[in-house]
S.K.: 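Just dropping this structure here.
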Amino acid sequence: MMDKVLFGDNQFFAVNHLSDEKSREQAIRFKDDSSIIRVLDQAIETGINTFMCTTHERIANICEYMRSHPDKYRGFKIFPCMPYAHKYANAVTDLGIIGTIKQYVPGNIFSAFTKGGVAYIRKDFISIMELLIDAEMKMFRGISTPVIFLQNVLVDMILGLKMYEVFREYDSYIRLKYNAEPGYITMNMPALLDALNSEGIENPIICSSINKIGFRMSGGKAIYEEYLNEKKFRPIAMQVLAAGALRPAEAIEYLGRFPNIESVLFGASTKGHIKETKELIEKYLCN
Amino acid sequence: MIRAGIIGLGKMGLSHAAIVGSHPEADMVSVCDTSSLVLDAFRKFSKTNVYSDYKKMIDAEKLDCVVVATPTRFHYPIVKYALGKGIHTFCEKPFSLKPEEGQELVDLADRFHLVNQVGYHNHFIGTFRELKRLLKSKIIGDLIHFTGEAYGPVVTKEKGGTWRSNPEEGGGCLYDYASHVINLIQEILGKPVRAEGTKLKQFYSKDVEDSVYSILTLEDGLTGVLSVNWSDETYRKMSTSLVVLGKKGKIICDATELKIYLKEDNHAEKLGKGWTIRYITDYAIPVSFYLRGEEYSAQIDNFIKCVLSRKQTDVNTFRQGLYTDKVIELIIADSKK
């Protein structure tokens, strides 16, 4: 069972879906790692025990701090979400796909061999994926990571390309190597659940936008509600405030209509907001 | 169901492939690229037919439409071949490197009555659409000045790179980043006809510019500033905006917000005097599949809808893409003065 309340990290890394200007203000406010740790500690003081975060390079510093203060973070869990897409997207523009893999995969994955004067490269995609996962997971060593997520850009890309087998490989690698539960972030929840089920992945953890105004709920609110009511999976709701378009009370009250929702992911920068949202989630989520 | 193919599987091509692949009215039957790495991934994990030669793909697959997302210098021969075979074509931006070649493609698409669209996706972002509508209604009166900007962290270190660092292949901040802003200015405010005071600056790249600064004059005489820099790491990702100043107010527009300042109440638009902030949540175009932004799916939806109805789109036509190429030429010519 996951915690009902999951604390997110968008606010720390200048991700704001409603305002580019606010996102820059956040970048200024959270310039130092200590300012991130301060807000995390405030979240912990309100009783939050899980931090769901991207594998942003600055998270490595936060993990280092946690390892050096074991008493303070005893029992605290991190749900990593990989990869931090912009790191790779900018690298692909700059270095190309092979250049990017070379830059981020440790060792020489393209162990080139020559056959009849032509250079071939080994293209073992599943090994590349596993090595990339290991590289991203390095920063979390010694920290409890019971659920490990694939980020939405990658999930939705694989989904759109119908390369569903990749999900199954990811799923089994995370279970085997990390003894953790695989999770999926998506902007296309109904289609993803169908795809996972078709690969024999049952009752998956799926984190998707769920909000009263249907923001970033691809295909529309109706089919999301149908899946939340009728299908078997472990939903996490994100973007519950629809990037700020909804007031917290009405936003969380809406989530309360779906008893299957296991957890709510949210981010906030002040103790007051954290406390208010957490209390609302505990009040309305009845599972 | 229409039969679609993708040519060029870089970042945009893969994204288009996923969007077309999930489209309820399209069958993504084949992809084409020169990278054996990418093609092998398709061979191993998907049912899509793969080709390393676009001519073979077009000849063999009986496609209704193609999406061309190769490096820019290959647009001309590929699009020409596709149009010649009667295939509706979506082409990534910038459209062409030589306006005379772009003109040939425009004429070809017209002659064969084929749907043609260029990937200037900002026109499928709700806030920019609303800006266009508001300006058309003269909400801020006669226009005085504009600023078109885009900033992002593409090249932030000194090192060589891909085709994007080669000016002969359509690389550089002007083709890659500034083209988006020029196209927005052209379609929302009016066609630029003159460029002055242009500075194309290099900071990290060896062979191409990393920033573009220029003063543009539009057909109707309105002037404004173009300011674009792809080497600004204070931005997490590409951020594009237009600021338009009129006699009765001002509008600041980007992909997330529309900030409207009016000197007087506007009853028709139900906007009060002073500042009003509108958010993308009110304007986002609903899509059935989302990848990286509604706009990427919405532009493909539009293209597929046009292909199905055999009706040419009025948003992002080849002709509009060609005009942007011509403005890029004006800017380059001015920078050499």
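Note on naming: letters A, B, ... go to the chains in the order of the sequence lines (proteins, then strands), and numbering restarts at 1 for each one. What you see below is based on every heavy atom in this structure, not just the backbone, and it leaves out hydrogens, waters and symmetry mates. Because the structure is predicted, anything quoted here is derived from the model rather than measured.
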S.K.: State whether the side chain of A/K162 and the backbone N or O of B/K47 hold a donor-acceptor pair below 3.5 Å, judged by distance alone.
M.R.: no
S.K.: What are the two closest non-hydrogen atoms of A/R216 and B/E294, and how far apart are they?
M.R.: NE-OE2, 2.7 Å
S.K.: Identify the heavy atoms of A/S218 and B/Y290 that sit nearest to each other, and give their distance.
M.R.: OG-CB, 3.1 Å
S.K.: Is A/E226 atom CD crowded by more than 12 heavy atoms from other residues, nucleotides or ligands, each under 6.0 Å away?
M.R.: yes
S.K.: Please name the pair of heavy atoms, one in B/F289 and one in A/L159, separated by the smallest distance, quoted to 0.1 Å.
M.R.: CE1-CD2, 3.9 Å
S.K.: Which answer fits B/F42, side chain, backbone, both or neither, if we ask what part of it has an atom under 4.5 Å from a heavy atom of chain A?
M.R.: both
S.K.: Given a strict heavy-atom distance threshold of 4.5 Å, which part of B/L9 is in contact with chain A: side chain, backbone, both, or neither?
M.R.: backbone
S.K.: Looking at A/I126, A/L161, A/I158, which hits side-chain contact (heavy atoms from CB on, under 4.5 Å) with B/F45?
M.R.: A/I126
S.K.: Could you tell me which of B/S46, B/A41, B/S22 has the largest number of non-hydrogen atom pairs under 4.5 Å with chain A?
M.R.: B/A41
S.K.: Rounded to the nearest 0.5 Å, what's the gap from CG on A/N188 to OG on B/S297? Could you check?
M.R.: 7.5 Å
S.K.: Would you compute the distance between atom CE of A/M157 and atom NZ of B/K11 and round it to the nearest 0.5 angstrom?
M.R.: 10.0 Å
S.K.: If you draw a 6.0 Å radius around NZ in A/K221, do more than 12 non-hydrogen atoms from other residues or ligands fall strictly inside?
M.R.: yes
S.K.: So for B/I19, is it side chain, backbone, both, or neither that comes closer than 4.5 Å to the heavy atoms of chain A?
M.R.: neither
S.K.: Looking only at heavy atoms, what is the nearest atom pair of A/A245 and B/T281, with distance?
M.R.: CB-OG1, 3.8 Å
